[in-house]
Amino acid sequence: MTTLEITDAQRRSIARRHRFGRIGLYVLAIGAALVAAGPFVWGVITTFKQDRDLYRRRNNPFVFNETPTTEHVRVLFEETGFAKFALNTLWVGLLVVAITLALSLPAAYSLARLDRPWAGPMGIAIFFVYLVPPTLLFLSLSRIVVALGLQDSTWSLVLIYPTITIPVSVWLLIGFLKTLPRDIEEQAMVDGYSRLGALGRVVVPLVAPGIVAVVVFAFTLTASEFIYALAFISPSDAKTISTGVPTELVRGDVFFWQSLQAATVLVAVPIAFVFNIFLNRFISGFTQGAVKG
Amino acid sequence: MAAGLTRQRRKLADNDGVLAWAFLAPSVVYILALVGLPFILAIAFSFSDVTGGDPTFDWVGFANFSAIFDDPVFWASLRNTFVFTVISMVLIVIFGKILANILIADFRGKWVVRFLVLLPWTTPVALSSIAWLWLLDSVFSPIDYVLRALGLIENNVYWLGQPGLAIGSVIAVHVWRLVPLAAVIMLAGMLAIPKDVQEQAAVDGAGFWRRMFEVTIPLTAPVIAIAALFGAIFTFTDMTVVQVLTRGGPNNETQVLTSWAYFRGIEGSDIGQGAAIALFLFPLLLAAAIAILRAVRRMEVS
Amino acid sequence: MAVVEVRNLHKHFGAGKVHAIDGIDLSTEEGEYLVLLGPSGCGKTTLLRTIAGLEEPTEGDVLIAGQVVTGLPPRARKIAMVFQSYALYPHKSVLANIVFPLRASGMERGPRDERARWAAGLLDIEHLMDRKPRELSGGERQRVALARALVREPTVFLLDEPLSNLDAKLRTSARDELKRFQEEIGTTTIYVTHDQTEAMGLGDRIAVMSDGKIRQIGPPVEVYDDPADTFVATFIGSPPMNLVTRGSTFVGFRPEHLLPVEIVSGERVTMTLDVQRMEYLSGDRHVYGEVTIGDAPSRVIARLPATVTTPIAAGEKHDFAVPAAKLRFFDVETGLRSEPVRLGS
C-alpha cells in the first residue's frame, strides 16, 4: 500500500503559493483597473482645475495646486450645447434601439427557430454586413440622406444607425434564443397558441434579460459612432455627443480641456454602469452566438 | 366574413415557411437598402469623377485606381493599416486573456474593478481619443510628468510627433479601448467550459499554468478567435483614433486606409478617389473574417 | 371511431436522407392507453410530434376524431401534450401555468380559475398554486404538467417519455400515478417510451417500433408471448428471448421457459446446456451457457425461479428442456415468424 505523506513544509509551501496567488490576483486587478480607468480618474481631477493650475508644466497633474473650481462644468452645461447633445444622443439611441429590436428580434427568431435550410448561410451573410466599414459607405450614404431631405437632422442617424446595430443584434439574439429549450414554445403551441402567440407570450418574456443586454450593447455602439454623425450633420443643435463635444470644445487649436474631460467622464460613467449591470446577461448570449452560432 | 378573416390571419400566424420570410424580410430589406445600395453606389463612385464641387457622374474607368496606386501615401496607409491591425489584434488578445482571467476569479470589489475596466470600451471613441490627446500632450502630459519624476526622461517626449512613437501611441489607444471587449468575449467562452473538465484537470494534478494552456485555452480557442476578429474589425475600420490623435501625421506615418479615404474624399473633395480607397477595405476585411470564421468552425468540430 | 388515426405516414429529414417515419398505419380506440415503444432513434417521438402537429408529415395523413388534421397547427387539434422536460413555463406560477391553455381559448377568469382548481384537486397540487416551477420537485412538476394538459379536456393525451427525468425510485410511484390518473379520466392516451417496463405496466396496447416502422402492435401479453419478429422478440423481455439457429430458422424461447429437464412435463424439446456463468437476481437464478440444436452452438440464458432448486454449477453440462408450446420460430432471412419446425426430442 502506498502511503500519503504530506510534510509540514509541503503544507506551508502550498499555503504560501496560495497566498502569493491571491496577492498576485489583487495586484493584477488593481493594475488593470488603473490602466483602464486612469485617464478617467485624472480626467475628474482635471475637470475641477483652474487654468493657471493646469497650464503650468511643473505642477503635479494629479493634485490640486490651486483651489478647485466648478467653472468648467458650468461652461460645459451653459455655454455649450452639451445638454442638447446628450439629449440628441439619448433620443437617437432610443429610437435606433427600438428599430433594431423591432427588426432583429423577428429576424433572429426566424434564423434560430424556424428551421429553414437557408438559415445558416443567411445568418453568416448578415454577420458579414457588420464588416462593411462606415468609411466605405458614408460617401454614398450622404447622397442618400440628402436625397431623402434628412441632412442636418438627427433623423438621418436614426435611419442609418440600425445598419450597424441590426447585424450584431441578430447575431446576439440568435445566441439567446438558442439557449431557450424548444419544448417551451412547442408546449405553448400545443396549449392553443399560434407560433406568433407563443413568441409573444412565452419566448419574449423568457429572453427578456438577453434583449436588455442587446439593447445596452446597441446603445453603446450608437453613442460611440463618429463618422456618420460627422458626415450627415453640421448644425450644432442637431449634433450628438460624439461630434458635438469635440466641435464646440475644440476651437481651432484651442482645446477647452477641463470641459472636455468633464464631458468624457459624464458620458462614460453612466454607460459603463448600465453595461456592467447587464454584463452577465451579455456574456451568456455571446457564448451561444459565438460558439454554437 | 369575419370568421373567414380570422381564419386567414390565424393560418398566416401558424405557417412557419411564410413566417420565416416575413420575420426576416424587414431586416434584409433594410440592410439591402441602406448597406447594399450605398455599397454599389460606392463602387460606382470609384469609377467616376464625382467631386464635392461637381456632383455630376462621369465614367472615368480605372483612372481613380491608377491615381491612388501612383500615390505613395496610399501604400503607406495600406501598410500602416496592416501593421496597426495585426499588432493591435495580438496585444488585444493577450491583454484580453489576462483581463478575462482576472475577471473570472472571485475577489472583493470585483464589481468595482469590472466597472472600471469597462470604461474604455463604453466611452465614445471620439471623446476617449481626445482624452488621450491630452494625456499625450507634448507639454502637459501627465505621463511625461511621472516619467520625469521617476528620472526616466530628461525632457518631455514628443509622443505624437515622432513616427515610431506616434504609431505606438495609436496602437496603444486602440488596445486600451478594445481590451475590455475582448476580455468580456473571452470571459464568456471561459464560463461556457463545463466545470467538470476543469475539475478533472485539477484532480489529475494539473497546476494553474498547465490547466490554462492545456485545457482552458484549447477549449476556448473558438471564442478567442472571435475576440481577435472583433478586435481586428474595430481597429481596421476605425479612423477616429487616428483622426483625433495625429490626423495621419507626422508625414503620413500613421495614415490608415480609412483616414486616407476620409481626407481624400471629404477634405480633398475627391469623392471618386475616396471611394476607391475605401473600397480596398472590404475585400481585406472579408478575407480575414472568412479565414477566422473557418478556423473557428474547424476548432468546433474537433 | 378511432380517436387518433395515422394513414401511410412518412416523415423524412435532411432532404430525404433520413426516414424517421417510414410508412406507419395506426389507430387508437376510445379511452385506450397506447404505448409507442422502441429504442432511441426509432421514430417514436417523431410520430408523436407529427400527431401533435409539431412536425408536418412528408406523406400521409393524421386524423383526430375522424377529421383529417394534416396541415393544421397544433392548437387546432384539441390535444394535450406532456414533454419529457415537462416544459413548465419558468416565468409563471403553477396556477398561471395551468390556466395558460384556457387563456388561449379566451375563457373568462372565473371559470378559468375554477377549472384550474378542479384539475389541481384531481392531482393533489392545490397547495402549490403560487409556487414557481423551479421550486417544485420532479414529481410535483409532472403533476403540474398533467394538470395543465387536463384543463383543456383534450381528445387525446400525448406523453413523451414523461418519466425519464425522474430518479428510479420516484419513477415507480409516478408510473403508478399516471396509470391511476388515466383510469380516472378515461381519455385516450398515447405514450412514448424506450423503457419496456413502463410499456408493459401502462399500456393497453403496445406498438413496438424500430427504424421508423411499427413491428408489432398488440396487448402486452401478446407482444411478449407472440413476438411478430426477432426484433420484437429480443427487444422485449429481460433477459431477451433466446434465439437458437437451426438451418434457415431461428428457434426462439423465453429464458423462463428453459428449465431443467426434470421439471418440464408434457410435450417438450430437450437440449444440453453447457453452463458457463450464473447470476442471482431477486431470487431468480440466471444461467448463462451454450446449447446446440442445429449445427452451431448458440448462447442462451435460462431464468430459474426460486422454486427450482436443482443444483447447477458453472463448467458443468446439464439437460434442459422447453415446453413445445412455448417455442416460436422465425425466418433467419427476414426475421419474421415462420412455420414451426419439427425438432427431434
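Note that this is a predicted model, so its numbers are computed, not measured. Below, read A as the first sequence line, B as the second, and so on, with proteins coming before strands; counting in each chain starts at 1.
In this structure, the portion of B/Leu281 lying under 4.5 Å from any heavy atom of chain A is its side chain and not its backbone. For chain B, no part of A/Leu34 is nearby; none of its heavy atoms comes within less than 4.5 Å. Interface remark: A/Ile99 contributes side-chain atoms only to the contact with chain B (heavy atom separation under 4.5 Å). With a 4.5 Å cut-off on non-hydrogen atoms, A/Met189 does not touch chain B at all. Neither the backbone nor the side chain of A/Leu105 comes within contact range of chain B; no heavy atom of the residue lies under 4.5 Å from a heavy atom of that chain. Neither the backbone nor the side chain of A/Val216 has a heavy atom closer than 4.5 Å to any heavy atom of chain B. With a 4.5 angstrom heavy-atom cutoff, B/Phe107 touches chain A via backbone and side-chain atoms both. Interface residue A/Phe226: only side-chain heavy atoms are found under 4.5 Å from chain B. Within the 4.5 angstrom heavy-atom criterion, only side-chain atoms of B/Val28, from C-beta onward, approach chain A. For a residue to count as touching a neighbouring chain, one of its non-hydrogen atoms must lie under 4.5 Å from one of that chain's; by this rule A/Leu260 touches chain B with the side chain only.
In terms of non-hydrogen atom pairs under 4.5 Å with chain A, the most contact-rich of B/Ala20, B/Pro26, B/Ala126 is B/Ala20. The greatest number of non-hydrogen atom pairs below 4.5 Å with chain B, out of A/Ile160, A/Val269, A/Val245, is found for A/Val269. Taking chain A as the reference chain and counting heavy-atom pairs below 4.5 Å, the highest number among B/Val113, B/Ile130, B/Ile40 is found for B/Ile130. Contacts with chain B were tallied for A/Val274, A/Ile241, A/Ile271; A/Ile271 has the most, counting heavy-atom pairs under 4.5 Å. Counting heavy-atom pairs closer than 4.5 Å to chain A, the top residue among B/Trp111, B/Tyr262, B/Phe282 is B/Trp111. Put simply, of B/Thr123, B/Val146, B/Thr237, B/Ile277, the one with the most heavy-atom pairs under 4.5 Å next to chain A is B/Thr123. Note on A/Ile166, A/Leu114, A/Thr243: by heavy-atom pairs under 4.5 Å with chain B, the leading option is A/Leu114. Contact count against chain B (heavy-atom pairs under 4.5 Å) is highest for A/Ser224 among A/Ser224, A/Ala119, A/Pro246. Highest contact tally toward chain A, considering only B/Pro180, B/Ala275, B/Ala33, B/Pro120, is held by B/Pro120 [criterion: heavy-atom pairs under 4.5 Å]. Ranking B/Met239, B/Gln243, B/Arg148 against chain A, the residue ahead of the rest is B/Arg148, based on heavy-atom pairs under 4.5 Å. The candidate from A/Tyr193, A/Phe127, A/Phe219 with the greatest count of non-hydrogen atom pairs under 4.5 Å with chain B is A/Phe127.
In plain terms, the two heavy atoms of A/Tyr130 and B/Ile233 that are nearest each other are CD2-CD1, 4.4 Å. Across every non-hydrogen atom of A/Ala263 and B/Leu127, the tightest pair is O-CD1, 4.3 Å. A/Arg116 and B/Gly17 get closest at one heavy-atom pair: NH1-CA, 3.4 Å. The heavy-atom pair separating A/Arg195 from B/Leu19 by the smallest distance is CG-CD1, 3.4 Å. Between B/Pro38 and A/Ser140, the shortest heavy-atom distance links the atoms O-OG, 2.8 Å. Nearest approach of B/Phe23 to A/Pro106, heavy atoms of both residues: CB-O, 3.3 Å.
Residues of residues 25-32 of chain A having a heavy atom under 4.5 Å from any heavy atom of chain B, listed by number: A/Leu25, A/Tyr26, A/Leu28, A/Ala29, A/Ala32.
Here the straight-line distance linking atom CG of A/Leu279 with atom CG of B/Leu118 works out to 5.5 Å at 0.5 Å rounding. Taking CG of A/Leu141 as the start and CZ of B/Phe39 as the end, the distance is 12.0 Å to the nearest 0.5 Å. To the nearest 0.5 angstrom, A/Ile227 atom CD1 is 9.5 Å from B/Ser259 atom OG. With rounding to the nearest 0.5 Å, the separation of CZ in A/Arg143 from CG in B/Leu41 is 7.5 Å. A/Leu139 contributes atom CG, which lies 10.0 Å from atom CG of B/Asp270 (distance to the nearest 0.5 angstrom). In this structure, B/Leu24 CG and A/Ile126 CD1 are separated by 5.0 Å, a value rounded to the nearest 0.5 Å.
Atom CZ of A/Phe273 is surrounded by 12 or fewer heavy atoms from other residues, nucleotides or ligands within 6.0 Å.
At distances below 3.5 Å, not a single donor-acceptor pair connects side-chain atoms of A/Thr220 with backbone N or O atoms of B/Thr122. Here the side chain of B/Trp176 pairs a donor or acceptor atom with the backbone of A/Val35 at under 3.5 angstrom.
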Contacts table for residues 40-47 of chain A: side-chain donor-acceptor under 3.5 angstrom, sequence neighbours left out:
residue: A/Trp42; atom: NE1; partner: A/Pro61; partner atom: O; Å: 3.2
residue: A/Thr46; atom: OG1; partner: A/Trp42; partner atom: O; Å: 2.7
residue: A/Thr47; atom: OG1; partner: A/Gly43; partner atom: O; Å: 2.7
residue: A/Thr47; atom: OG1; partner: A/Ala262; partner atom: N; Å: 3.4

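With respect to A/Val132, the side chain to side chain contact (heavy atoms under 4.5 Å, CB included) criterion is satisfied by exactly one of B/Val35, B/Leu285, B/Ile31: B/Val35.
Side-chain atoms of B/Asp137 and A/Phe255, non-hydrogen and from C-beta on, never get closer than 4.5 Å to each other.
Every residue was checked against the salt bridge (Lys or Arg N to Asp or Glu O under 4.0 Å) condition with A/Glu225, not counting sequence neighbours, and none meets it. Taking the ring-ring contact (aromatic ring centres under 6.0 Å, His included) definition, one finds that A/Tyr161 meets it with nothing, sequence neighbours left out.
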Inset, instruction - Would you check, one step at a time, whether the test side-chain contact (heavy atoms from CB on, under 4.5 Å) holds for B/Phe115 with A/Ile277? - result: CA-CA 9 Å; B/Phe115 164 72; A/Ile277 292 174; over 6 Å; no
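In this structure, B/Trp134 and A/Trp257 have parallel ring planes: the angle between them is below the 30° cut-off, well short of the 60° mark.
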